[in-house]
Amino acid sequence: MRPIITASGATERLLLIFPREAFDTVMSSPLAGAAVSALIYVDSIATGNDSTTFWARPSMVTWMSEEMRIRDSEDDRVQWREAAAKKNKDLVKVLDEWGVSTASGYADNSRETLRDETFRKWRENSAIREKAGVPKNSSKGRWALEPHFADLFDPGLAGDQLVSQVVQWRERHLSPAAKLKVQFAAQGRQTAHAVSVTLPNGAGVRTLESGKASLILKSVVEEWAATRLTTPYVVTISEPGDKVFTADAKLLTYLQITINTQALLPDALIADVGGDDVQFWFVEAVNTDGEINEARKQSLLTWATNQGINPAHCHFLTAFTSRTDPAARKRLKDLASGTYAYFADEPGHELAWYRLVDGTDT
């Protein structure tokens with residue numbers, strides 16, 4: 001059997017493996033840490049043969065406590081898991097013999113969170129295996145950690161060696177989309193340097209102030225605009241401190257736009273000149289707040305009307321770091337009807353919010 005890791009120690013490693021800036025918090029919660037610890041305690045590690053794998057059930061996690069985990073000899077661990085594989089009363093009998101408290105680590109209703117959220121998301125990210133053919137309502141165990149994932153919880157791993165193992169594990173086992181989430185989260189933590197943005201259609205490179213909002217704008221300009229729009233041009237980019245980048249005079253003349261840097265401009269204004277009519281996209285990059293709500297949408301439409309822009313040619317995008325980012329969870333509910341949302345760590349997707357009455361975005 002593998003060496004045991006405490007629930008708190010497992011939680012710390014889960015936060016390293018699945019940073020909360022990139023992954024759902026259920027993957028690295030204290031309950032998730034308790035699950036890793038319990039599954040290693042009972043040696044529920046997948047093998048190449050289902051018949052030789054000990055398949056655990058969520059109740060083994062909720063029943064386990066730190067006091068029980070102190071009984072760490074292999075004989076004790078086998079005795080604990082054999083009793084827990086039967087019924088709670090069988091486990092209570094063993095604990096009474098040991099003179100250990102029978103108090104569970106978590107309430108029984110935590111099993112649903114483990115089964116339906118934590119284990120499901122771990123499975124999607126190659127961390128746990130589910131035994132095929134076992135009904136969801138069966139009392140039989142059907143979960144086991146992937147051995148390569150369990151390796152990351154060896155108490156002997158520490159420091160640079162642990163970080164190196166985590167990086168290698170991600171590279172080998174995460175999907176390209178998950179790797180992108182991790183990369184963007186890491187960039188968000190390293191905000192000490194200015195952010196360079198390559199403007200579309202050979203319009204040069206713009207250097208923005210350091211910070212998450214700049215990283216979000218970089219993704220919008222370099223990823224979203226290049227995919228979503230036909231012939232995009234960045235008209236303006238606004239930064240803190242009244243810093244406003246404006247496109248060259250020839251483009252502004254073509255678009256018949258006059259930029260007043262004192263006006264309340266969006267974080268970015270992008271024009272798509274590839275169709276019969278120029279389409280204007282108003283973009284807000286949200287690190288904490290500043291989403292395009294109904295009031296903000298109306299003020300931007302007023303600005304556009306004053307510029308002679310047809311409101312029917314105006315579109316609105318609120319951009320966030322990630323769907324799991326606190327700003328997104330807080331502000332998505334406030335988005336104006338007829339607008340879109342974008343998440344920088346998932347550049348291949350976009351959310352639309354509009355009335356079903358006519359399906360338009362006006």
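All residue numbers in this chain count up from 1 along the given sequence.
- In the hydrophobic clustering of this structure, Val61 does not group with Trp63; members are Ile, Leu, Val, Met, Phe, Trp, Tyr whose side-chain heavy atoms approach within less than 4.5 Å, directly or through other members.
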Going through the checks in order, is the side chain to side chain contact (heavy atoms under 4.5 Å, CB included) test met by Trp143 and Trp55?
CA-CA 5 Å; Trp143 302 98; Trp55 299 95; 5.5 Å; no
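- Nearest approach of Ile128 to Leu39, heavy atoms of both residues: CD1-CD1, 4.1 Å.
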Dump the intermediate steps for ring pair (Phe, Tyr, Trp, His ring centres under 6.0 Å) on Trp281 and Tyr340, then the final yes or no.
CA-CA 10 Å; Trp281 283 85; Tyr340 298 82; 5.5 Å; yes
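- Rounding to the nearest 0.5 Å gives a distance of 11.5 Å between CD1 of Ile270 and CZ of Phe282.
- Distance check, rounded to the nearest 0.5 Å: CZ of Arg13 to CZ of Phe18 gives 14.0 Å.
- A distance of 12.0 Å separates CG of Leu215 from CG of Asp345, quoted to the nearest 0.5 Å.
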Passes side chain to side chain contact (heavy atoms under 4.5 Å, CB included), Ile4 versus Arg77? Steps please.
CA-CA 10 Å; Ile4 299 168; Arg77 291 164 69 178; 3.7 Å; yes
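- Hydrophobic clustering keeps Leu317 apart from Val286 (ILVMFWY residues linked when any side-chain heavy atoms are closer than 4.5 Å, directly or through intermediates).
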Leu95 vs Ser101, test: side chain to side chain contact (heavy atoms under 4.5 Å, CB included). Steps then yes/no.
CA-CA 7 Å; Leu95 297 175; Ser101 171; over 6 Å; no
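- The pair Glu291-Arg296 does not count as a salt bridge, with every side-chain nitrogen at least 4.0 angstrom from each carboxylate oxygen.
- In terms of hydrophobic clustering, with Ile, Leu, Val, Met, Phe, Trp and Tyr side chains grouped at heavy-atom distances under 4.5 Å, Ile45 and Met64 are assigned to different clusters.
- Leu31 and Met68 are members of different hydrophobic clusters when ILVMFWY side chains are connected at heavy-atom separations under 4.5 Å.
- Of the possible polar contacts, one joining the Ser126 side chain to the His173 backbone as a donor-acceptor pair under 3.5 Å is found.
- Enclosure of atom CZ in Arg71 by more than 12 non-hydrogen atoms of other residues, nucleotides or ligands within 6.0 angstrom is indicated.
- Around atom CG of Asn49, more than 12 heavy atoms belonging to other residues, nucleotides or ligands sit under 6.0 Å away.
- With respect to the salt-bridge test (charged N to carboxylate O, under 4.0 angstrom), the residues Asp90 and Lys87 do not qualify.
- Under the 3.5 Å distance criterion, the side-chain polar atoms of Thr62 are left unmatched by any main-chain donor or acceptor of Arg111.
- Connection of Leu15 to Phe23 is not established within any shared hydrophobic cluster, with ILVMFWY side chains joined at heavy-atom distances below 4.5 Å, either directly or through further cluster members.
- A salt bridge is absent between Lys93 and Glu97; no separation between the charged side-chain nitrogens and carboxylate oxygens falls under 4.0 Å.
- In summary, the side chains of Thr52 and Thr47 do present a donor paired with an acceptor at a separation below 3.5 Å, with no hydrogens or angles considered.
- Side-chain polar atoms of Arg20 and Ser28 form a donor-acceptor pair below 3.5 angstrom.
- Considering only heavy atoms from C-beta on, His315 comes within 4.5 Å of Gln279 through its side chain.
- Contact between Gly33 and Leu14 at its shortest, heavy atoms only, is N-CD1, 3.5 Å.
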Start with the C-alpha distance between Trp169 and Phe149, add both sets of side-chain angles, then the distance that settles ring pair (Phe, Tyr, Trp, His ring centres under 6.0 Å), and finish with yes or no.
CA-CA 8 Å; Trp169 182 85; Phe149 184 66; 5.4 Å; yes
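- Atom CD1 in Ile309 sits 12.5 Å away from atom CG in Asp277 (nearest 0.5 Å).
- The closest side-chain donor-acceptor pair between Asp76 and Ser73 falls under 3.5 angstrom.
- In this structure, Thr302 contributes its side chain and Gln298 its backbone to a donor-acceptor pair below 3.5 Å.
- Judged by distance alone, with hydrogens and angles left aside, the side-chain atoms of Arg57 form a donor-acceptor pair with the main-chain N or O of Ala84 at under 3.5 Å.
- Of the possible donor and acceptor atoms, one in the side chain of Thr118 sits under 3.5 Å from a partner among the backbone N and O of Val26.
- Defined by atom type and a distance below 3.5 Å, a donor-acceptor pair is present between the side-chain atoms of Glu350 and Trp224.
- Remark: Glu66 engages Arg69 in a salt bridge, criterion side-chain N to carboxylate O under 4.0 Å.
- Thr198 OG1 to Lys218 NZ: the interatomic distance, rounded to the nearest 0.5 Å, is 5.5 Å.
- Side chain to side chain, Ser8 and Glu12 fail the donor-acceptor criterion of an N or O pair below 3.5 Å.
- Residue-environment remark: CD (Glu112) exceeds the threshold of 12 foreign heavy atoms within 6.0 Å.
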Could you walk me through whether Ser164 and Gln168 satisfy the side-chain hydrogen bond (donor to acceptor under 3.5 Å, both in side chains) test, starting with their C-alpha distance in whole Å, then the side-chain angles of each, then the deciding distance to 0.1 Å, before giving a yes or no?
CA-CA 6 Å; Ser164 175; Gln168 291 180 38; 3.2 Å; yes
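- If you take CD on Glu117 and OG on Ser110, they are separated by 11.0 Å, rounding to the nearest 0.5 Å.
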Worked verdict on Arg2 versus Asp151 for salt bridge (Lys or Arg N to Asp or Glu O under 4.0 Å)
CA-CA 9 Å; Arg2 294 169 182 252; Asp151 289 343; 2.7 Å; yes
Can Val205 and Val197 be said to form a side chain to side chain contact (heavy atoms under 4.5 Å, CB included), step by step?
CA-CA 5 Å; Val205 177; Val197 180; 5.9 Å; no
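- Within the 4.5 Å cutoff, the side chain of Phe54 has heavy atoms near those of the Arg81 side chain.
- With Asn293 contributing its side chain and Leu335 its backbone, the two residues share no donor-acceptor pair below 3.5 Å.
- Pairing each heavy atom of Ile216 with each of Ala285, the nearest pair is CG2-CB, 3.8 Å.
- Glu146 and Trp122 share no donor-acceptor pair across their side chains, judged by distance under 3.5 Å alone.
- With hydrogens and angles left out, the side-chain atoms of Tyr342 and Ser219 include a donor and acceptor closer than 3.5 Å.
- With hydrogens and angles disregarded, a donor-acceptor distance shorter than 3.5 Å links the side chain of Ser238 to the backbone of Pro266.
- For Thr11 (side chain) and Ala7 (main-chain N/O), a donor-acceptor pair under 3.5 Å exists by modelled atom type.
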